[in-house]
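Scroll down for the structure; my scribbles are underneath it.
Lettering follows sequence order; numbering is per chain, from 1.
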2 protein chains.
Amino acid sequence: MSKDLPAANKSRRRSDQITLSQVAQAAGVSPITASRALNHPDKVSNSTRQSVLESVERLGYVPNLIAGSLASSRSRLIAVIVPSLINSVFVEVIKGLQETLEAQGYQILLGNTDYDLDREYQLVRTFLGWSCSALVTAGLRHNDACHTLLANWGHPIMEVMELGNGIDLNVGLDHVAAGRCMASHLVDRGYQRIVYVGARLSHDYRAGMRYEGHKAVLKAKGLEAPLLEMDTLGTLQAGAESLAQVLQHYPATQAIHFANDDLAAGALLAAQRQGLQVPGDIAIAGFNGLPLGQHITPKLTTILSPREDMGRLAAQELIRRLSGKSVYRRQHDVNFTLQVGEST
Amino acid sequence: MSKDLPAANKSRRRSDQITLSQVAQAAGVSPITASRALNHPDKVSNSTRQSVLESVERLGYVPNLIAGSLASSRSRLIAVIVPSLINSVFVEVIKGLQETLEAQGYQILLGNTDYDLDREYQLVRTFLGWSCSALVTAGLRHNDACHTLLANWGHPIMEVMELGNGIDLNVGLDHVAAGRCMASHLVDRGYQRIVYVGARLSHDYRAGMRYEGHKAVLKAKGLEAPLLEMDTLGTLQAGAESLAQVLQHYPATQAIHFANDDLAAGALLAAQRQGLQVPGDIAIAGFNGLPLGQHITPKLTTILSPREDMGRLAAQELIRRLSGKSVYRRQHDVNFTLQVGEST
DNA sequence: AAGGAAAATGGTAGCGCTGTCATGATAGCG
DNA sequence: CGCTATCATGACAGCGCTACCATTTTCCTT
């Protein structure tokens, strides 16, 4: 009978991936030197770096980032948590973040809360488990557990979209001011009976903040500030439906201030189809400055929010912070711009 | 002088995060039992599970997923690589993926290639380093290195968007057929001088495939199939501009078949502004079935592509595969639907 | 009550990499 | 020419967790 092979293979390796040690061996250096050749190229001699890189190429080595992250407790992952992917606003922020972060070798871990703060908390917990280098989240509102967790985390946290007292870094705009800005524009234009239309303001609470600004301006002028809140997402469809509801509930309405451009454009297109003149019969204003608004006739009056810039700026500040630079600002106001179109 | 403390602290721990061992100690069990209580709850008794969970809660333990992944060489990360985030089509696929995968406890690692296959290769390399459970990428075209890498990877790979012979799994639709479908519709409507308008077809090669289908139909009818290719992204703006170019270069054009709804809607809105009748003066067709098309007047004739479904289905197939079920199909055709509007 | 299967728990040894410190090689200086 | 400062490299151990196997406990069965 044949002797069994000694139980030499205690290894638990389940994949036959090339490891750094093999690369090192091929290059005739120690593993740690190979590691340095890849991660701190300035700390090894030119010749070793060359031969390590050559071995990497030849063997098709793909670094195991998980092992590296565990050993160094740094991961070059950045968690990005948004409340929705349907709303293109968040996607544009992600895009701005992405292009800046990827260029610096960071990867984005994407999470979607669907406007649920408990879900956000769960996602944050999970992401912390990934030892993310930083975390970006949309908005300043979190549930208590989440807030505590983040506040004690010890890595950079970037809260985007709105401006205010955040946990750490903050890039956003002043939504109350934006609401005031548009309301003032409408009042200046001579409209008096103005309805604000939003969708699920408990979710899209930034739209609620804009309403607060709107209301403050109207009250100051002694005007009513009726609110119509749709219980749907803020889509073209909802905008179209809201128009009918406004006309029914507030027949004398002269202008509608919509919480976003989708709603506004939906209403505008619906008005057109119904033969209503905009702004003759009814004026319409939106928020965001989506391209669509500039292509419909009449062009939509709206407030331009620099969404990609917001993402880019947030990413830049994070990178600055992560690279240890002390020169960064905790808060950035990305300003909005009133874009007067033909619809008011 | 006082004796130095023995060099007890050889620990490299840089964070003071609670570890599983501490949880185990608090619960009076061994670390491995605590691990099981969290990851294989059915393999421990009710009482131990309870006390472990209680300790987790009390200590605020957040599992270190990196360590867990290294030990188990499984990561519950799924890489998703798309060519663009500007194009809402990909975002909707991501959304479908996201909602299904997150519900199963997977996280999405998002990558954006900007239509650059070399960039895709780089992203794939990085993502493989994260020991992703699976990888989703948009499209069947990759550079050679990328293709080789993926083909040898050994984990599920899902190629979405278009239908064809993929590396592994594939969920998509037949773009050539979609092009034929719309072309046939236009021809059936009696249009003969039809221009196809696309944007950067080398990037958006699926639009190129639709053009191939389009051309085949027209040629079969003995008609010319002129192509106007814009060197911009396929946006509303580009659509508006392309209209002028079509009218200039092909003044007798009766219908325009646009590569997507954004272009088509841009052209339609521009036509409107210029007082052109659609479809009286010129017919317009798009592709995708974006909501916008159904809100403009005339409603846009388009082809509905089930984008979120595509993402959801892709995610479901992946999950099925990942959970070891052998009952899955390598290829899924998510069918498109011709949506006849008022613009043709 | 004895025997055996199944369930519950624990010990050990890594997963692949990098931080830390130690060592050897090279250069710089008066 | 000796002595220190710098650079290049390596040995070792450990990041926090889980696979694997061994052991103990529990629960049936006849």
**Request:** Round to the nearest Å and state the distance from B:L38 atom CG to C:dT9 atom P.
**Result:** 14 Å
**Request:** Would you kindly give the CD1-to-C1' distance between B:I66 and C:dC17, to the nearest whole Å?
**Result:** 12 Å
Under 3.5 Å between N/O atoms: give me all the protein pairs with nucleotides 23-25 of chain D, atom names plus distance.
none

**Message:** Mind checking if A:T48 touches a base, just sugar-phosphate, or nothing, with heavy atoms under 4.0 Å?
**Reply:** sugar-phosphate
**Along DNA chain C (nearest heavy atom to each residue), the more 5'-positioned of B:D42 and A:T19** = B:D42
**Asked** In whole angstrom, what separates B:R36's CZ from D:dC20's P?
**Response** 12 Å
**Prompt:** Are the side chain of B:S35 and the backbone of B:P31 linked by a donor-acceptor contact shorter than 3.5 Å?
**Reply:** no
**Request:** State the CG-CG distance between B:L123 and B:N112, to the nearest 0.5 angstrom.
**Result:** 8.0 Å
**Request:** Please tell me which of the listed nucleotides, D:dG14, D:dA19, D:dT18, lies nearest to the side chain of B:A71?
**Result:** D:dT18
**Asked** From the list C:dG10, D:dT9, D:dC15, which nucleotide is the closest neighbour of the side chain of B:S30?
**Response** C:dG10
**Complete:** In whole angstroms, the gap separating P of C:dG16 from CG of A:L70 amounts to 12 Å
**Asked** If only atom types and distance count, is the side chain of A:E317 paired as donor or acceptor with the main-chain N or O of A:R330 below 3.5 Å?
**Response** no
**Asked** Could you give the CD-to-C1' distance, from A:Q17 to C:dG16, as a whole number of Å?
**Response** 12 Å
**Request:** Using modelled atom types only, decide if a donor and an acceptor are shared between the side chain of B:R312 and the backbone of B:L97 within a distance under 3.5 Å.
**Result:** no
**Asked** Sub-3.5 Å donor-acceptor pair from the side chain of B:E159 to the main-chain atoms of B:I167, do we have one?
**Response** yes
**Asked** Could you state the NZ-C1' distance from B:K43 to C:dA6, rounded to the nearest angstrom?
**Response** 12 Å
**Request:** Could you check how far CZ of B:R76 sits from C1' of D:dT18, rounded to whole Å?
**Result:** 15 Å
**Asked** Among C:dG10, C:dC15, C:dG16, which nucleotide sits nearest the side chain of B:V29?
**Response** C:dG10
**A:K95/A:E99 salt bridge by N-O under 4.0 Å criterion** = yes
**Message:** Using a 4.0 Å cut-off on heavy atoms, which residues in residues 49-65 of chain B reach DNA chain C? List them by number, or say none.
**Reply:** none
**Request:** Look at the aromatic rings of A:H203 and A:Y115 and report parallel, tilted or perpendicular, splitting at 30° and 60°.
**Result:** parallel
**Prompt:** Do the side chain of A:R36 and the main chain of A:V44 share a donor and acceptor less than 3.5 angstrom apart?
**Reply:** no
**Fill in**
Rounded to whole Å, CD of A:Q25 lies from C1' of C:dG16 at a distance of 15 Å
**Asked** Is the phosphate of C:dC15, meaning OP1 or OP2, less than 4.0 Å from a side-chain N or O of B:R74?
**Response** no
**Message:** Quick check for you: to the nearest 0.5 Å, what is the distance between B:N64 atom CG and A:L70 atom CG?
**Reply:** 6.0 Å
**Between OH on residue A:Y121 and NE2 on residue A:H147, distance to nearest 0.5 Å** = 13.5 Å
**Request:** Select one nucleotide: of C:dG11, D:dT18, D:dT9, the one nearest the side-chain heavy atoms of B:S35.
**Result:** D:dT18
**Item:** Atom pair CG/CD of B:N143 and B:Q122 - distance to nearest 0.5 Å
**Value:** 9.0 Å
**Prompt:** Picking from D:dA8, C:dT20, C:dC15, which would you name as closest to the side chain of A:I32?
**Reply:** C:dT20
**Request:** Identify which nucleotide among C:dG16, C:dG19, C:dT9 has an atom closest to any side-chain atom of B:T33, counting heavy atoms from C-beta outward.
**Result:** C:dT9
**Prompt:** Knowing that exactly one of A:L110, A:L101, A:V89 qualifies, which makes a side chain to side chain contact (heavy atoms under 4.5 Å, CB included) with A:I94?
**Reply:** A:L110
Distances under 3.5 Å between nitrogen or oxygen atoms of protein and nucleotides 24-28 of chain C:
none

